[in-house]
Amino acid sequence: MKHSNKLVAQQLVSVLAGYVIDKVIISPGSRNAPLIIELNAYDTIKKYSIVDERSAAFFALGMARQTRKPVALVCSSGSALLNYYPAIAEAYYSTIPLIVISADRPKHLIDIGDGQTIRQKNVFQNHIQFSANLSEENTTENDTLLKKVFKELGKHKTPIHINVPFSEPLYETTKTVSVDKNSWIETHVPDSLLTEIPLNVDELQNYATIWNKAAKKMIILGVHAPDEMLQTQLNHIAKDSSVIVLTETTSNVHNDDFINCIDKLVFPFSNDDFKEYQPDILLTFGGMVVSKKIKELLRINPPKHHWHVATNDAMDTYHCLTHHFSVSITLFFSQFFFLSKTKESAYKNLWLAAKKQRELKHEAYLANISFSDLKVFQLLRDFLPKQLNIQFSNSSIIRYSQLFSWLKSQQVSCNRGTSGIDGSTSTAVGLAVASKKQTLLISGDLSFFYDSNALWNNYIPKNFRIVLINNGGGGIFRFIPGPTTTNTL
C-alpha cells in the first residue's frame, strides 16, 4: 500500500477515516497530490473525481444533505478553492456539514508572484464555522487544531475549512505510516438527543406559562429534512385548537390541519385582513422560509412574542425575535410538552376555514387555465411517482411548488440557504448518488444551463431524472414588480 511521504497528508486523512468520513469529492490538481495519494490508501473512503470545483462542492452538498453526514472536498491551490464558495455559503445558511480541504503553497511562496497562489488562509471566514491552517511539519500543533475544528463540525453541522501547505516534490510515496492511525477512530460525538444539554426547566416553565395563556399561537417551520419524531410531535401539538402550524414544501412534514401552502392562503391578504389572523406567539424553527408574503405580514403585524428554536444562531427573520432556545426542536418539544397545556380557541379553525376556501378557488382556477408554468406543476403533482426525492431549483420553480401539496413519501429539497440558482443540478446529482430512491430535479431553463457542468462527471445514476421547464429564462422576472415596466431585462 502506497502512502504519501508528507506527514501532514497522512495525519489529515487518518483523521478523516477516524471521524468515519466515507465520502470525499476530489477535484484533480498537482498541489493536492499528496492528499489524493493518501486517500487512495484507504478503502473505507469512497472517492469521487469531479473537475469543476463549483459543481463538485454542490455535488458534495447534495450528498451531505441526503446522508446527514459530513462530506469532504479536496482541491488544489489558487482560484480552485474560491470556486467552492457558492456551495459553502449555501451549506453555512442551510446547516449542512462540509469539510473543505485545500492544498496550499508553503508560506514563503505567498504574495511573491508565484503561480497558482492566493491568500488561502481564512478565505471563507464570513461563511465558515471554523478554520484550521495546518503546518507541514508540526503534527502536534496540527492535532490540536484538528480536534478543535472537528468539535465545531459536530456541534454546529456547518462547513469547516482545513488549509494544508505542501512543498515540492509532491508525488513521492512511502510504505511507512508515520502517524498513529488509531488515535482518531470513532472519536466523533454521535448525533443524538442524549448528547444535548437540556433547557433549564424553571426557565422553560416561564415560557410555558405564557404559552398556556395565549389563545392565538402560530408555528412556522422552514426547510427541514424528514423526521418521524418531529412529525409525531407536530401531530400532537396540532390537536390544540389555539395553535396553527404553517409549513412549506421543503418542510417535509404533513398533516391535514397544517397550512401547507402558505402563499396560496395569505398572498391575497392586506395588512388589515391579516389582523384577525395575527398570532400572540410565534414559534419558529427549521431553515429559510420561501414565502415573502408571510414575512411581510408578520413584520408589519408582529406577535407579542417570537421564539426561535435552533442549535445554531437565531436569525431575526420577522424583526420581532424575543427569545432563542439553543437546542434542537425535538428536544425542545420533548421538554415543553410536559409543561404546556391545550387551550380552547377558535384560532386554528379560523385558519382552516380560510384554507378550505382557498383550495376550492385554486382547483377551480386550475381546471380552466391554458398550458402554463402553473399548469405544469398541476400535472407533475398528479402524475409523479409516490416514492421520490424531488430537488426544486430556485426562483420561480420553488415558488410554484409552494402552491401545491406533495406526498409524505416524496422527500423535497431546495437550496434555500442563499436561494441561488447556481448549483441546483449538481446538488440533485449528489443527492441521487447518495440515495436509493428515484431522484427528480425540477428546474427552470436558466438555472439548468447555468449549472450544466453538473452533468460533466461519471457518476450520474440511473435513478436520476430531470424535468426542464422552458419558461423563457428567468420566469420569476415576469411576476415580480419592476422588470417588465422598466425595460431592464
*Between Asn163 and Ser102, do the side chains contain an N or O donor and an N or O acceptor separated by less than 3.5 Å?*
yes

_Working note: Asp143 + Gln11, criterion side-chain contact (heavy atoms from CB on, under 4.5 Å); need CA distance, chi angles, decisive distance, verdict._
CA-CA 8 Å; Asp143 192 62; Gln11 182 182 32; 3.9 Å; yes

*Look only at the side chain of Asn212 and the backbone of Leu339, and say whether a donor-acceptor pair between them is shorter than 3.5 Å.*
yes

*With sequence neighbours left out, which residue pairs that include part of residues 415-430 fulfil the side chain to side chain donor-acceptor pair (under 3.5 Å) condition?*
Ser55-Ser426, Arg65-Asn415, Glu90-Thr418, Asn394-Arg416, Asn415-Thr427, Arg416-Ser419, Ser426-Asp451

*Is there a side-chain hydrogen bond (donor to acceptor under 3.5 Å, both in side chains) between Ser77 and Asp104 once you walk through the steps?*
CA-CA 5 Å; Ser77 64; Asp104 199 359; 5.6 Å; no

*Pairing residues for Tyr318 by the ring pair (Phe, Tyr, Trp, His ring centres under 6.0 Å) criterion, not counting sequence neighbours*: His306

*Does any N or O in the side chain of Ser345 come within less than 3.5 Å of the main-chain N or O of Tyr347, such that one atom is a donor and the other an acceptor?*
yes

*For Lys69, what residues pass the salt bridge (charged side-chain N to carboxylate O under 4.0 Å, His left out) criterion, not counting sequence neighbours?*
Asp22

*asked:* Can a donor-acceptor pair be found, under 3.5 Å and without considering hydrogens, that links the side chain of Ser94 to the backbone of Gly417?
replied: yes

*Measure from the side-chain N and O atoms of Arg465 to the backbone N and O of Leu440, and report whether any donor-acceptor pair falls under 3.5 Å.*
no

*Got a sec, which pairs hit salt bridge (charged side-chain N to carboxylate O under 4.0 Å, His left out) with one end in residues 256-276, sequence neighbours left out?*
Asp257-Lys348, Lys264-Glu359

*Excluding sequence neighbours, so at least two apart, what forms salt bridge (charged side-chain N to carboxylate O under 4.0 Å, His left out) with Lys46?*
none

*Atom NZ of Lys295: over 12 foreign heavy atoms under 6.0 Å*: yes

*Are any non-hydrogen side-chain atoms of Tyr42 and Leu16 less than 4.5 angstrom apart?*
no

*Any donor-acceptor pair under 3.5 Å linking the side chain of Asn463 with the backbone of Lys437?*
yes

*Give the intermediate values and the outcome of side-chain hydrogen bond (donor to acceptor under 3.5 Å, both in side chains) for residues Gln66 and Gln411.*
CA-CA 10 Å; Gln66 179 63 27; Gln411 178 179 331; 3.3 Å; yes

*Phe58: what forms a ring pair (Phe, Tyr, Trp, His ring centres under 6.0 Å) with it, not counting sequence neighbours?*
none

*Of the non-hydrogen atoms in Val243 and Ile237, which two are nearest, and what is the gap between them?*
CB-O, 4.0 Å

*Would you indicate whether Asn206, at its atom CG, is surrounded by more than 12 heavy atoms from other residues, nucleotides or ligands within a distance under 6.0 Å?*
yes

*asked:* Please report whether the ring centroid of Phe392 lies less than 6.0 Å from that of Tyr400.
replied: no

*Within a radius of less than 6.0 Å around NZ of Lys151, do more than 12 heavy atoms belonging to other residues, nucleotides or ligands occur?*
no

*Keeping the roles fixed (side chain from Asn453, backbone from Asp52), state whether a donor-acceptor pair exists under 3.5 Å.*
no

_Val149: which residues meet the side chain to side chain contact (heavy atoms under 4.5 Å, CB included) condition with it, sequence neighbours left out?_
Phe130, Ala132, Leu146, Ile160, Ile162

*Lys341: what forms a salt bridge (charged side-chain N to carboxylate O under 4.0 Å, His left out) with it, not counting sequence neighbours?*
none

*asked:* Going by side-chain contact (heavy atoms from CB on, under 4.5 Å), Val74 matches just one of Leu39, Val164, Ile25, Ile99. Which one?
replied: Leu39

*Could you grab the distance from atom CG of Leu384 to atom OG of Ser409, nearest 0.5 Å is fine?*
10.5 Å

*asked:* Please list all pairs meeting salt bridge (charged side-chain N to carboxylate O under 4.0 Å, His left out) that have one or both residues in residues 326-336, counting only residues at least two apart or in different chains.
replied: none

_With ring pair (Phe, Tyr, Trp, His ring centres under 6.0 Å) as the rule and sequence neighbours excluded, what pairs involving residues 202-257 come up?_
Tyr207-Trp307, Tyr207-His323, Tyr207-Phe325, Trp211-Phe336, His236-Phe337

_Walk me through whether Ser242 and Lys217 qualify under side-chain hydrogen bond (donor to acceptor under 3.5 Å, both in side chains)._
CA-CA 6 Å; Ser242 67; Lys217 292 165 285 203; 3.0 Å; yes

*Measure the spacing between OG of Ser251 and CZ of Phe285 and express it to the nearest 0.5 Å.*
8.0 Å

*Please step through side-chain hydrogen bond (donor to acceptor under 3.5 Å, both in side chains) for the pair Gln231 and Asn235, ending with a clear verdict.*
CA-CA 6 Å; Gln231 179 71 63; Asn235 289 343; 2.9 Å; yes

*Is Asn200 reaching over with its side chain to a backbone N or O of Leu204, donor-acceptor style, under 3.5 angstrom?*
no

*For the pair Trp351 and Tyr277, name the ring-plane relationship: parallel under 30°, tilted 30 to 60°, perpendicular over 60°.*
perpendicular

*Is it the case that more than 12 heavy atoms not belonging to Phe267 sit under 6.0 Å from its CZ atom?*
no

_Pair Gln278-Asn301, side-chain donor/acceptor within less than 3.5 Å_ = no

*Give a yes or no answer on whether the side chain of Thr158 reaches the backbone of Gln129 with a donor-acceptor pair at less than 3.5 Å.*
no

*Among Tyr92, Tyr85, Phe124, which one satisfies ring-ring contact (aromatic ring centres under 6.0 Å, His included) with His161?*
Phe124

*Please answer whether the main-chain N or O of Met63 pairs with a side-chain N or O of Thr67 as donor and acceptor at a distance below 3.5 Å.*
yes

*asked:* Between Thr247 and Asn260, do the side chains contain a donor N or O and an acceptor N or O under 3.5 Å apart?
replied: no

*Using modelled atom types only, decide if a donor and an acceptor are shared between the side chain of Gln387 and the backbone of Gln410 within a distance under 3.5 Å.*
no

*Report the relative orientation of the aromatic rings in Phe404 and Phe377; use parallel for angles under 30°, tilted for 30 to 60°, perpendicular for over 60°.*
parallel

*For Glu344, which residues count as a salt bridge (charged side-chain N to carboxylate O under 4.0 Å, His left out) partner, sequence neighbours excluded?*
none

*Check the pair Lys293, Glu296 against salt bridge (charged side-chain N to carboxylate O under 4.0 Å, His left out), reporting the backbone distance first and the verdict last.*
CA-CA 5 Å; Lys293 186 66 175 183; Glu296 173 191 321; 3.7 Å; yes

*Can you name the ring pair (Phe, Tyr, Trp, His ring centres under 6.0 Å) partners of Tyr84, sequence neighbours left out?*
none

